[in-house]
Each structure stands twice: as structure tokens, then as C-alpha cells.
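The figures that follow rest on heavy atoms only: side chains count, while hydrogens, waters and symmetry mates do not.
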Amino acid sequence: MDILNNLFVSLYVWVADLLHGLLGGLGLAKDAEAALVSAIMVLLVITVILLWMVLMVLILIWLERKNAARLQDRVGPNRVGPWGLLQPVADTIKMFIKEDIVPANADKFVHTLAPMVAMMPAVLAFAVIPWGKGMQPVDINIGVLWIVAVASIGTIGVFIGGYGSNNKYSLLGGMRAVAQMVSYEIPQVLTMVPIVLMVGSMSLVKINEAQSGWFGLQWFIFAVPVGPIAFVVYYLSALAEVGRTPFDLPEGESEIVAGYMTEYSGMKWGLFYLAEYFNFFIVCTIAATLFLGGWNGPILPPYVWFILKVYGLILLGMWIRMTWPRFRVDQLMNLAWKVLVPIALVNIVLAGLGLPIFKTIGF
Amino acid sequence: MSTPLVLTYVGFLIMAAVAICGGLIAVSARNLIRAALGLILSFVGVAGLYFVLEAEFIAVVQILVYVGAISILVLFAVMLTRGLMRRDLSAQNSQWIAALVVALVLFSALLLVATGTNWKVAETKIAGDLIPKLGEQLMTTYLLPFEAVSLLLLAALVGAIVIARE
Amino acid sequence: MPDATTLYLILPEITLAVFGMVILAVDLIWRERSRAALAWLTVLGFVIALATALLGWGWNMALFAQMYVVDTFAIFFKLLAAIAGILVTLVSLDYLRDRTPYRGEFLALFTFAVLAMMMMASSASLLMIYLSIEFLSYMSYLLTGFLREDKKSNEAAIKYFLYGAITSALMLYGLSLLYGISGSLNFADITATFAARNDVPTRIVALVSTALVIAGLGFKISLVPFHQWAPDTYEGAPTPVTAFLSVGPKAVGFAVLLRVLLTALPAFKNEWIALLTVISVLTMTLGNLVALRQKNVKRLLAYSSIAQAGYILIGLVSVNLNGASPFSGLNGVLIYLFAYLFTNLGAFTCVIAIENATGAVEIDDYKGLVKRAPFIAALFVIFFLSLAGIPPTAGFIGKFFVFGAALREGFLVLAAIGVINSVISVFYYFSVVRAAFFEAGKDTAPIRLAPPITFSLVVSAALVLVMAVYPEPFFNLAAWSMGMFGVAK
Amino acid sequence: MIPLPFYLVIAAALFCVGLYGALARRNAIAILIGIELMLNAVNLNLVAFWRYIKPASPTMDLAGQVFALFVVTLAAAEAAIGLALVIAIYRSRDTVNVEDVDLMKW
């Protein structure tokens with residue numbers, strides 16, 4: 001069991017040892033060797049993580065389409081590969097070979113930059129997510145804050161995408177998207193505060209450790225009443241933050257064509273599209289880490305538990321998407337500022353009041 | 001985790017270059033959106049320098065507040081006042097030469113101060129987690145400024161809304 | 001958790017913070033009915049703050065890890081701040097009625113501005129200095145631009161803001177250098193550092209940072225060459241705000257300047273005295289010469305207040321802390337500031353009274369004022385006499401102590417320039433008086449005064465005269481307030 | 001460790017670039033961008049000093065970091081106020097070029 005639990009950690013150590021062995025033959029100084037090995041390992045980890053990300057998202061896209069079809073009484077993709085499993089791959093290839101059109105009056109540099117910026121938060125956030133016990137690419141002691149911070153970079157990508165296309169629908173969509181993302185960032189961050197308060201640290205590893213034991217009863221979603229409230233608020237605002245239906249106003253096709261993506265085609269459009277799914281995936285991983293105990297769980301290896309929880313949350317999101325109509329702009333803003341923010345603030349106060357009480361009764 | 005000195009230098013140089021280049025773009029670009037993008041680049045560079053300085057918390061706050069909030073505000077303001085960008089013939093005003101001279105004079109003075117002074121440098125290793133300490137000090141030693149700044153933010157928010165709302 | 005003594009000593013600050021928030025809340029809940037009541041609530045807040053500030057009289061405590069000092073010097077400026085708050089709130093009552101629907105917010109921001117002034121007076125750490133100066137600045141920008149339909153108000157605010165932001169960034173750089181050289185944010189440690197190290201590079205650091213800090217504070221005090229914002233901002237801002245800006249930030253700006261220079265940088269006294277002497281001469285002369293050409297009363301008073309800052313600076317330049325002489329320079333600064341507060345507020349209150357009734361702020365519009373409003377015209381004379389420093393007014397007492405200190409320290413030329421400037425200033429002050437008394441105006445309808453404005457005018461004028469006739473208490477007050485600088489009473 | 005003056009020189013350069021921008025630009029928003037650069041440079045200074053200068057008190061002194069945090073906070077408030085004023089003036093004047101804002105003489 002232990003071998004299975006530590007599979008990836010052992011793999012990492014083994015590769016590092018192998019590298020040491022290989023480089024040892026070169027006769028470098030100790031310091032230089034250590035530096036080289038750590039640099040190569042960093043690159044390796046980044047590559048693996050990037051590949052892993054792509055795999056995760058391809059599965060996610062397939063799941064979404066299949067699910068949508070099921071809920072709408074259709075069949076969904078079923079031609080490419082078994083059950084249409086290779087459909088996302090085919091789509092990717094199509095995007096790569098499609099013509100890339102840049103509007104004549106666009107700000108070309110900004111237009112090209114935007115999708116790349118939009119991808120950045122996803123890539124940066126993946127670096128700190130604890131996939132399993134000891135399976136965190138970078139362990140920084142402010143993981144929660146890091147994720148919040150890099151998530152805010154995505155806003156810029158969307159914004160300059162809307163501006164750079166030089167199209168009124170793009171611009172409108174971009175402005176809407178930014179307004180929405182900025183508004184929902186606040187309740188999202190505020191719901192993390194009670195968790196940080198309870199753990200006493202912003203490290204994602206510590207947050208995971210705090211939720212271990214008791215067969216799941218230590219998960220923060222069961223820390224009544226603060227936990228469940230925080231979870232619901234977090235999940236709603238996360239859905240809005242990444243612009244999923246019912247909060248997909250920035251690209252509401254019945255109103256503003258495709259929003260900030262209107263003028264994008266080919267791989268640039270593909271990047272935006274991927275970025276959205278990446279972001280969705282990431283908010284689910286964070287929700288799983290903060291509220292559902294991360295990789296904690298009985299019997300199965302930690303990383304399996306983690307993936308299961310994340311996909312559970314993803315399926316929940318898909319269910320919501322398929323069954324709810326889209327919000328209006330004013331309803332959207334009201335929900336953020338007049339409902340979610342106050343609830344989140346009260347929740348923080350509750351956590352602050354409850355914490356000493358729990359501490360004293362020794363929970 | 002101790003990073004080899006070479007890597008520290010590489011990190012420092014890259015980040016310093018990013019910060020300065022971003023700054024130069026920010027003050028020279030005619031297109032305001034690009035100036036704002038240069039500003040963001042500079043913010044990111046400075047955040048990187050904080051990482052090199054082992055001040056992770058400030059680095060992340062820098063990204064969160066400057067990149068995530070202030071630059072968005074700037075971009076919004078540029079968008080909302082967009083009509084005039086077309087008519088803008090030159091980005092610099094008539095006294096840009098004087099400004100350049102002032103900046104250069106000040107720079108040479110600051111250069112003198114930065115390099116000529118015997119700063120009492122101590123080689124200290126940062127031990128342990130500073131963030132709980134930071135939080136604790138904000139609530140004890142720096143309680144007064146902490147409370148004052150929260151009042152300030154409230155007042156600034158109210159005032160900015162009164163002035164900017166439709 | 002701060003202990004009871006700490007809470008007791010910062011009661012005025014707590015009072016104002018609470019009142020500011022209460023005003024916002026009441027305004028939110030009660031929008032329509034509460035308008036007039038809110039102003040009285042604000043006045044009540046200032047009165048309580050005034051009373052609680054007096055509770056700290058005689059204490060000398062460094063609170064919050066030496067960051068915040070409550071001593072008689074700070075209390076002196078807190079009293080000034082509270083008095084300015086009361087008078088300005090009274091005169092803004094009528095002024096704001098038709099000009100902005102957001103009176104609750106105005107009063108709340110104004111309360112916070114006075115709070116920031118109080119914090120500035122007590123700050124004894126680089127962090128608190130920066131924080132409180134910025135707090136006051138932000139509130140001032142917002143109040144200046146508060147009439148958002150008014151083009152001049154917008155323009156005044158943006159100019160004020162851009163100037164202020166640049167100079168405060170300069171000052172901040174200077175503060176960061178001071179932190180770098182001493183490794184601490186507290187003045188006590190900075191003084192100790194400079195006492196221990198006196199090599200040339202250290203002196204250069206100190207000089208550069210002193211110059212940068214003077215740039216930042218010079219903006220608040222409107223010293224030449226950081227004064228360019230002042231005329232435009234004074235002209236464009238809502239007049240009660242102008243009145244406030246011309247006395248409030250200026251007074252506490254001096255408080256901070258005194259505290260920084262005398263407690264953190266006394267080792268470089270000769271250097272900053274030289275620098276400030278030049279600035280003082282420039283400020284007086286430029287302010288007075290340009291004031292001669294002004295047609296707008298608000299603008300004229302703006303240049304006049306620039307010149308006044310120059311006079312006050314003479315007191316700081318001729319500071320002498322080791323004598324039993326009545327002219328220590330510092331007491332001149334404090335007495336002058338006290339006199340200037342009532343005089344300038346009074347003069348602006350006259351302007352507001354006339355603006356409320358007629359909407360006019362040009363000198364030409366003041367023609368025949370004596371027929372329309374003899375009371376205001378008479379008070380105008382008193383305030384202008386005081387501004388020019390002619391007895392029997394408070395301004396004369398202020399100038400007497402300031403110039404006296406300069407003479408005592410042997411700054412004969414500086415004192416002479418000051419006197420010549422005072423003579424020049426008589427010309428432009430007299431131009432307003434001449435228009436009011438000796439020229440016939442088109443309009444002859446009498447001007448009615450609202451009771452709060454009358455009250456504030458009477459208080460200001462009475463104090464201006466009382467200070468001249470019976471200066472002893474004020475003299476003692478100033479002497480007391482300097483206790484922290486080691487000056488015997 | 002990298003010598004402290006390296007950071008100070010970068011900060012000074014950034015500060016002066018920002019100052020040039022603040023003094024030489026026409027557009028109020030561009031001036032604001034310059035000011036933000038200046039504040040950033042100061043923060044770099046503060047954090048570098050915090051890391052290198054031996055603190056006066058023996059306990060772990062975070063003064064520089066705390067100061068930098070406050071500067072970040074105030075910069076955010078300043079940007080909000082400044083941009084609100086810019087928008088107000090754009091609404092009433094249809095320009096944000098400082099040279100065109102000349103109802104009153106500078």
C-alpha cells in the first residue's frame with residue numbers, strides 16, 4: 001500500500017538520484033552539480049505538470065460534452081475513438097491547423113498577447129496545488145494567497161483581448177468579463193479567510209494536513225456552520241469568476257456575439273477556450289483542497305482521492321450549467337455585492353468568534 | 001531551501017531587467033494601453049525581485065494588489081476615457097526635456113547615495129515562517145497604523161464612488 | 001490590545017473615527033431628513049474631540065511601540081485641528097446646500113480629514129508620518145473635487161492630486177533612505193544613528209533625504225517651489241474646503257516638519273537651516289509679488305497664504321532651544337499658526353458669506369460692500385490687518401515673535417526681507433478694502449448672514465482681537481507646547 | 001548574498017524613470033502610471049533594506065516589510081481616488097490631457 005501511496009514521490013527521488021549518478025561522471029564541483037540537478041528536475045516537473053494539465057483538461061472537455069448530451073437527451077461525440085474519447089484530441093488538431101485571422105484594425109501585438117496572458121494563471125496556479133501527499137511541485141508557505149494572486153492575472157488577458165480586437169462586442173464583453181471577475185474575486189477570497197483562520201497557515205499542505213483523520217469528518221465542509229457556508233459561497237463565486245453558465249455573461253452569444261473572443265480564431269481562440277477549462281479545473285482543485293479535505297481519504301491512495309473529489313466538483317458544475325438559465329448583468333452584480341460579500345464577511349466574523357470556543361473545548 | 005548564488009544572480013538580473021524595461025515602456029509608449037502593459041510588466045519584475053529578496057508575502061501581495069487591482073483600475077480608466085487617445089499627437093508635454101534633466105540629476109544623486117554609503121549590512125539567514133510573525137506584528141506593534149489604514153480605505157472608497165459615479 | 005492609558009490618550013482620534021462612521025451610517029439610513037442634523041452631529045464630534053484632546057494635556061507618552069507620541073505639542077495641534085473643524089463645518093452648512101447632494105459623505109470625509117490632522121500631529125515614526133500625511137492628502141483631494149458637476153472643482157482636484165502624489169512619492173523615497181540608514185522607523189533610533197555616525201556619506205544620505213522630505217512637506221505647507229498647485233486649488237475648490245486647506249494641512253504640515261527636523265534630524269541643523277532660509281525668502285517674496293496682480297479674492301488669499309508660510313518658516317529657521325529668551329523661534333511658529341488659523345478662517349468665512357449671497361468672488365464684485373454688508377466689510381478689515389501684521393491684531397503678535405527670533409539669532413537680512421514683504425502685502429490687502437469701502441458698486445441689495453456663519457465670524461474676529469490685546473495665555477500655551485523639545489517654560 | 005547596492009540602484013533607476021514619466025507626460029493617467037512606478041521603487045528600497053540592514057531590535061523586526069505593505073495599500077487607495085478624479089474631469093471636460101485642463105492658469 002505504501003508503495004502505491006508514495007508512487008510519484010518515489011519516482012521523483014529515483015529520477016533525481018539517476019541524474020546525480022549520470023552527472024557525477026562529468027566531474028563537476030559539488031555546488032554546480034546540485035544546481036544543475038535541481039534545475040533539470042524543475043524543468044522535468046514543469047513538463048510533467050504541463051502534460052498532466054493538458055490531459056486533465058482534455059478529459060474535462062470530453063466529460064462536459066458527453067454530460068451535456070446526456071442531460072439534453074442526445075448522444076454527444078461518439079465517432080472519434082471509443083465513446084468519442086479522442087474527440088478533444090481531434091479538436092485540438094483542428095485548432096492548430098485552422099487559419100489564424102487578425103482583424104485589420106486590431107492592435108496586433110496586444111491581440112496576440114491576450115490569449116497567452118489568459119493562460120498564465122492556470123499554469124502558475126498548477127505549480128502549487130498539492131496533488132497528493134508530498135506531491136506539490138512547489139511548496140510555498142502562502143499557497144492560498146499565491147493562487148488568489150495569479151488568478152487575478154487572468155483578468156488582464158481577458159481585458160486586453162477585448163481591447164486588442166478593436167471590435168465593440170469584444171470590448172463590451174471584455175469590460176463585462178472584468179467587472180464580473182473583479183466582483184466575484186472578493187467573495188471568493190473572503191471565503192478562504194475562515195479556512196486560513198482555522199488552520200493558522202496559508203500553506204496548502206498545512207491545510208491538507210489539518211483535515212486528515214476521522215474518515216472525512218475533519219474536512220472543513222463539515223465544520224458547521226462556517227465551513228458549509230464558505231463552501232457554497234466559494235463554489236458559486238468560483239463559477240462566476242471563471243465565467244461558467246449561469247454566469248457566462250461575458251460571452252453571452254445572444255447579446256454580444258462571443259464577447260471578448262469574438263475576433264479570435266485558430267489556436268488563439270483555442271488558448272482562450274483552454275484557459276477557461278483550466279481555470280474551471282483549478283477552482284475545483286482549490287475547493288477540493290480547502291473544503292473537501294484535499295488528498296485525505298481512506299484506503300485509496302491520496303492522489304486518487306484528490307482527482308475523484310475534483311471531478312466530483314466538476315460534475316456538479318456541469319449539472320448546474322445544464323440546468324440553470326443565464327443571469328442578467330444587474331442580477332449578477334447584486335448577487336456578488338449584496339448577497340455573497342456580506343455572507344462571506346459574516347462568515348469570517350463567525351469563524352473569528354467560533355475559533356476560540358472550539359479551541360477551548362478542545363475540538 | 002538554499003538557492004545557489006549563481007541562480008540568485010540570474011534571477012536578480014532577469015527580474016531587474018523586466019522591471020526597468022517595463023518602466024521604460026510605461027513612460028514612453030504613446031498608446032496608453034501599452035503603457036499600462038509596461039507598468040504591469042514592471043510590477044511583475046519588482047515582484048520577482050521580492051522573491052529574490054525572500055519576501056514572498058510582499059511579492060504575492062504585489063501581484064495581487066498591483067497587477068490584479070491597480071492595473072485593472074488603470075486599464076478601466078483608459079477605456080472609459082478612450083475618445084481622446086486618438087487625438088493625442090504626442091505623449092510628452094512641452095517640458096519633457098526639463099523633466100529628463102530633473103530625473104537624471106536626481107538619479108545621479110540617488111546613485112551616489114546608493115553606492116557611496118556604508119550601509120550597515122548584516123548577512124542574516126531567514127529562519128522559519130515569517131508570515132505568522134508579520135500577522136502578529138500587524139495586530140500588536142502596528143495596530144494603530146493598521147486601524148488607521150482601514151479607515152483610510154473606507155473613506156477613500158466612499159469618496160471615489162461619490163466623485164466617479166454617474 | 002492597547003491598555004487603558006493608551007485608549008485614554010487617543011480618545012480624540014477614536015471620537016472622530018467613530019463620528020465619521022456614524023455620520024456615514026446615519027446618512028445612509030436617513031438620507032432625506034438628516035441633512036441639517038448631520039452637520040450638528042459633526043460639530044458635536046469636533047467639540048467632544050476638542051474636550052478629550054484637552055484631557056491629555058500635560059502628558060508626555062510614546063504609544064504603540066514609540067510610533068505615536070501624545071505630548072503637549074501634539075495636543076496644541078489637535079486643538080487647532082478641532083477648532084478648524086468646528087469653524088469650517090459651521091460655514092459649510094449653507095454653502096453646500098444647493099451645491100451637492102452628498103452632504104453626508106462630505107461631512108464624513110471632512111471628519112476623517114481632521115482625524116488625519118490629529119494623527120499627523122502625534123506621529124513619531126516614518127510609517128505614521130507617511131500614513132497620516134497621505135490620509136489627510138487623500139481626504140483633501142476628495143473634498144476639493146467634491147463638486148463633481150463643477151468644472152473648476154474637478155480641475156482643482158486633479159491638479160492638487162497630481163502634485164501631491166508626485167511630491168509624496170519623493171518624500172517617501174526620502175523616508176525609505178532614513179529607514180535604510182538607521183534600520184528603524186522610529187525617530188529616536190534615527191537620531192541615535194546620526195549621533196553615532198557622522199561620516200560624509202552618511203551626511204549625504206541625510207541631506208538627500210532631508211531635501212526629499214522637505215519637498216513632500218513643502219507641498220502640504222505650499223512652500224515655493226512646491227506651491228504651484230495652491231492658487232488653482234484654492235480658487236477651484238469649494239470655498240469652505242479652501243478655507244480648511246489654507247489652515248489645516250498647513251498647520252499640521254508645520255507640526256510634522258518641526259518634529260522631523262528637531263527630533264529626527266537635529267544633527268543636520270545647519271544644513272536644513274540654510275535650505276529653509278532660501279525657501280523662506282523665495283516663498284514670502286513670490287507669494288506677495290504675485291498676489292499683487294490677482295483679481296479673484298480666493299486666488300489672492302491663496303498667494304497670501306503662500307507668503308504667510310514663508311513668514312512662519314522664519315520662526316523655524318531661527319529656532320534656538322537653549323535659552324530662556326521669550327524668542328525661541330518655535331513659540332513664534334506656534335503663536336503665528338494660532339493667529340493665522342483664526343485670521344485666515346475668518347477672512348475665508350467673509351468670502352463664503354458673500355459667495356453664498358451673491359456667488360461672486362472677484363475683487364470687482366466687492367465694490368460697495370460696506371453699504372450692502374457693513375458687518376462683513378468691517379470684519380474684513382480686521383482680518384486683513386491681522387494678515388498684514390498690523391497692530392492691534394493677532395497677526396502682529398505672531399510676526400513680532402517670529403521676526404524677534406530672527407533678530408535674536410542674527411538673521412538681520414531675513415528679518416528685513418520679512419518686514420519688506422509685510423509692507424508689500426499691505427497693498428493687495430488694501431486693494432480689497434478699497435473696493436469694499438471707497439468704490440461704488442452696481443448692486444446694492446443688502447447681504448443677509450446665516451446664524452452659523454455669523455457665529456463663526458464673531459468667534460474668529462474676537463479671538464484675533466483678544467490675542468492682540470491680551471496675548472499672555474496664548475504665549476503660555478505656546479511655551480507649554482514646546483516642552484517636548486526641551487524648552488523650559 | 002547579492003550586494004545591497006544592486007537593489008538600491010535598480011530602485012533608484014525605477015524611481016527616476018517614474019519621475020520622468022510623471023513630469024513629462026501629458027495624459028493624467030500616464031502621469032499616474034509614472035507615480036505608481038515611483039511608489040514601486042520605494043517599496044523595493046524598503047524591502048531590500050529590511051532584508052539587509054541589521055535591525056535595531058534583537059527580535060525579528062519586520063518594519064521594512066510592514067512599511068512596504070502599507071505603501072501598497074495606500075497606492076491602491078491613491079489610484080482609486082486619482083482615477084475617480086480623472087473620470088470626473090473627463091466627463092465634464094472631454095479630455096484628460098493636463099495641458100488642456102486650463103480653466104484656471106497654472
Discussion item. I need the residue from D:Ala22, D:Gly34, D:Gly82 with the largest number of non-hydrogen atom pairs under 4.5 Å to chain C.
Written reply: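 Of the candidates given, the most pairs with chain C belong to D:Gly82.
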Worksheet entry | Leading residue by heavy atom contact count with chain C [cutoff under 4.5 Å; candidates D:Gly18, D:Ala77, D:Ala63, D:Ala84] |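 The answer is D:Ala63.
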Kindly compute the distance separating [atom1] ([X]) from [atom2] ([Y]), expressed to the nearest 0.5 Å.
{"X": "C:Lys151", "Y": "D:Arg91", "atom1": "NZ", "atom2": "CZ", "answer": "14.0 Å"}
{"X": "D:Phe49", "Y": "C:Ser182", "atom1": "CZ", "atom2": "OG", "answer": "9.5 Å"}
{"X": "D:Ile87", "Y": "C:Asn154", "atom1": "CD1", "atom2": "CG", "answer": "12.0 Å"}
{"X": "C:Met128", "Y": "D:Phe70", "atom1": "CE", "atom2": "CZ", "answer": "9.0 Å"}

Worksheet entry | D:Ala68 portion near chain C, given a 4.5 angstrom heavy-atom threshold |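 For D:Ala68, no heavy atom lies under 4.5 Å from chain C.
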Worksheet item: Which bit of D:Leu8 comes within less than 4.5 Å of chain C, counting heavy atoms only: side chain, backbone, both or neither?
Response: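 Just its backbone gets close to chain C.
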Side chain, backbone, both or neither: which part of [X] has a heavy atom under 4.5 Å from chain D?
{"X": "C:Phe161", "value": "side chain"}
{"X": "C:Leu170", "value": "both"}
{"X": "C:Ser125", "value": "neither"}

Worksheet entry | Pairs touching residues 169-190 of chain C that satisfy ring-ring contact (aromatic ring centres under 6.0 Å, His included), sequence neighbours left out |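 Residue pairs with at least one partner in residues 169-190 of chain C: C:Tyr173-D:Phe15.
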Mind checking whether [X] and [Y] have side chains closer than 4.5 Å, heavy atoms only?
{"X": "D:Ile81", "Y": "C:Leu142", "answer": "yes"}
{"X": "D:Leu85", "Y": "C:Tyr160", "answer": "no"}
{"X": "C:Ser168", "Y": "D:Glu78", "answer": "yes"}

Discussion item. Show, in sequence, the C-alpha distance, side-chain angles and deciding distance for D:Leu74 and C:Phe135, and conclude whether the side chain to side chain contact (heavy atoms under 4.5 Å, CB included) test is met.
Written reply: CA-CA 9 Å; D:Leu74 290 179; C:Phe135 198 168; over 6 Å; no
Discussion item. Exactly one of C:Leu127, C:Leu131, C:Leu172 should register a side chain to side chain contact (heavy atoms under 4.5 Å, CB included) with D:Val71. Which one does?
Written reply: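 The option that passes is C:Leu172.
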Practice prompt. Considering non-hydrogen atoms only, spot the tightest contact between C:Ser176 and D:Leu46 and give its length.
Written response: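 Distance-wise, the nearest heavy atoms are CB-CD2, 3.7 Å.
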Worksheet item: Taking all atoms of both residues into account, what is the closest heavy-atom pair of C:Ala165 and D:Ile35, and its distance?
Response: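 Looking at all heavy atoms of both residues, the shortest contact is CB-CD1, 3.4 Å.
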Fill in: Proximity of residues 38-45 of chain D to chain C, residues having a non-hydrogen atom under 4.5 angstrom
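Listed by number, the contacting residues are D:Met38, D:Leu39, D:Val42, D:Asn45.
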